[in-house]
J.: 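The structure follows.
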There are 2 protein chains.
Amino acid sequence: MLTFGLMEIAVKKNRKQQIEEKATALFQEKGYAATSMRDLANVLGIEAASLYSHIKSKEEILQKVCFRMADEFFAAWQAVEMENSSYAAKLEKAAIAHVKVITLDTNASAVFFNEWRHLSEPFLSDFLNMRNDYEGRFIDIIEKGMEAGEFKTVDSKFMMLTILSSLNWTHNWYKPEGSLSSQEIGKRLANMILNGLNK
Amino acid sequence: MLTFGLMEIAVKKNRKQQIEEKATALFQEKGYAATSMRDLANVLGIEAASLYSHIKSKEEILQKVCFRMADEFFAAWQAVEMENSSYAAKLEKAAIAHVKVITLDTNASAVFFNEWRHLSEPFLSDFLNMRNDYEGRFIDIIEKGMEAGEFKTVDSKFMMLTILSSLNWTHNWYKPEGSLSSQEIGKRLANMILNGLNK
DNA sequence: ATAATTTGCTAACGAACGTTAGTATGCTTA
DNA sequence: TAAGCATACTAACGTTCGTTAGCAAATTAT
């Protein structure tokens, strides 16, 4: 059967990818520290030692997930820089882009948000520097929007933390089969952030 | 020396409490699974086995922290039920009360928010039921505020998740020595939620 | 004064941990 | 057909894990 043959090839060519995928799901569910290599092997139907034909270490998986997600968040920012009307529009673009990255892989996002502290140096410092840089971009929009008289004069860092917490939390409840698209969720969150709940 | 004598007594009377406090700090810092009883003992300057003169198990500490925090969140809700003007005012009261509980112990809050999944049954189910109940109270305010024409007609669950994510995130950045009081933070968050960032 | 409680120790338990070494099999490529 | 690569195995390593048993000293309560 041709399809079967192709599937077999696909499976074999991507065994490492498969390991990372299952590991990501386990890290999301039980946490990095509480997930054992034997747990992971069990999900894949192999022995724990066999994993090491494909990966260097448990932490290598965590590193891959964390830095791949970081890359994706930065890459998605392109859409924000192309927005040239208002800062409100820029913020909406940022929200949509950010949420889009999260919804494309909620498991990896959960690991990115919750398990990064298990990175060892120098990865931990690199990670925190990137996060700082990223958060700075949000602060930038808020402050420029304030200077332009578009936004209320507020504590920009406080506002960034509030905004990002709302956006990031989507990883915890978004379901691809739900009625809301990723884009729609980003729009609604941006609307909430900009206009609030009051009528 | 009198003071020393009193300190000694205080220390001994509260050794269990002291263990829970240090454990909470470690769970916050490294996560529950990555914190060993030997880590904990080391912080207290004793042997790991000595901990078991005071506690039944590692998980017992987690249970205590999680359910004490849950109790406090529910207790703080009294203030919300006394508010009888608008639903916006009710929501502000809820935000202030919620943030107040978090800021009184950010370490315990972090454990409450991030480590509950390591609870075993039946504690895990109990915990999730309580959380569901609590979230329902926020949904209730939002929906009644919508019916009263006070709030925009929105997805109430979506809104609850967005609001609570902002409130909960304070555990991650609040510092008692900072310039904002707990009350002030609650007010600002409520204002953000109700009116948004737009001028 | 004595009993009870609190606090801590050493030694050790079985289990689980991440990982390595060495080997075997089958598929892909030259 | 041979070489190389992908995949997985068994066996085991040293380490760390949460926890128990049994004992000892000091403090507190009766």
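A note on names: the letters A, B, ... follow the listed sequences, proteins ahead of strands, and every chain is numbered from 1. As a basis for the values below, the full set of heavy atoms in this structure was taken, side chains included, without hydrogen atoms, waters or symmetry mates.
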J.: Keeping Gln63(B) on the side-chain end and Phe123(B) on the backbone end, is there a donor-acceptor pair under 3.5 Å?
T.: no

J.: Does anything in residues 38-52 of chain B come within less than 4.0 Å of DNA chain D? Heavy atoms only, and list the residues if so.
T.: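 Result for residues 38-52 of chain B: Arg38(B), Ala49(B), Tyr52(B), sorted by number.
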
J.: Do the ring planes of His98(A) and Phe113(A) sit parallel (below 30°), tilted (30 to 60°) or perpendicular (above 60°)?
T.: tilted

J.: Which whole-number value in Å describes the distance from Lys56(A) NZ to dT20(C) P?
T.: 11 Å

J.: Using whole Å, what does the distance between atom P of nucleotide dA16(C) and atom NZ of Lys30(A) come to?
T.: 12 Å

J.: Glu59(A) CD to dC17(C) P: how many Å, rounded?
T.: 18 Å

J.: Could a donor-acceptor pair under 3.5 angstrom be found where the side chain of Ser53(A) meets the base of dA6(D)?
T.: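 It does not, because no donor-acceptor pair links the side chain of Ser53(A) to the base of dA6(D) below 3.5 Å.
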
J.: Between Phe74(A) and Phe67(A) (judged by ring centroids, cut-off 6.0 Å), do the two rings come close enough to count as a pair?
T.: no

J.: Is a donor from one side chain sitting under 3.5 angstrom from an acceptor on the other, for Thr162(A) and Ser166(B)?
T.: no

J.: Atom CZ of Arg15(B) and atom C1' of dA26(D): how far apart are they, to the nearest Å?
T.: 14 Å

J.: Starting at CE of Met37(B) and ending at C1' of dA12(C), how long is that distance when rounded to a whole Å?
T.: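 Atom CE in Met37(B) sits about 17 Å away from atom C1' in dA12(C).
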
J.: Test Phe151(A) against Tyr87(A) for ring-ring contact (aromatic ring centres under 6.0 Å, His included), laying out the working first.
T.: CA-CA 8 Å; Phe151(A) 297 152; Tyr87(A) 288 104; 7.1 Å; no

J.: Report yes if the distance between the aromatic ring centroids of Trp173(B) and Phe158(A) is under 6.0 Å, otherwise no.
T.: yes

J.: Write down the distance between NE2 (His54(B)) and P (dT27(D)), rounded to a whole number of angstrom.
T.: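 From His54(B) NE2 to dT27(D) P: 15 Å.
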
J.: Rounded to the nearest angstrom, tell me the gap between atom NZ in Lys58(B) and atom P in dT19(D).
T.: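 Result: 8 Å.
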
J.: Using whole Å, report how far CD1 of Ile55(A) lies from P of dA8(D).
T.: 13 Å

J.: Is the distance from OP1 or OP2 of dA16(C) to the nearest side-chain N or O of Ser36(A) less than 4.0 Å?
T.: no

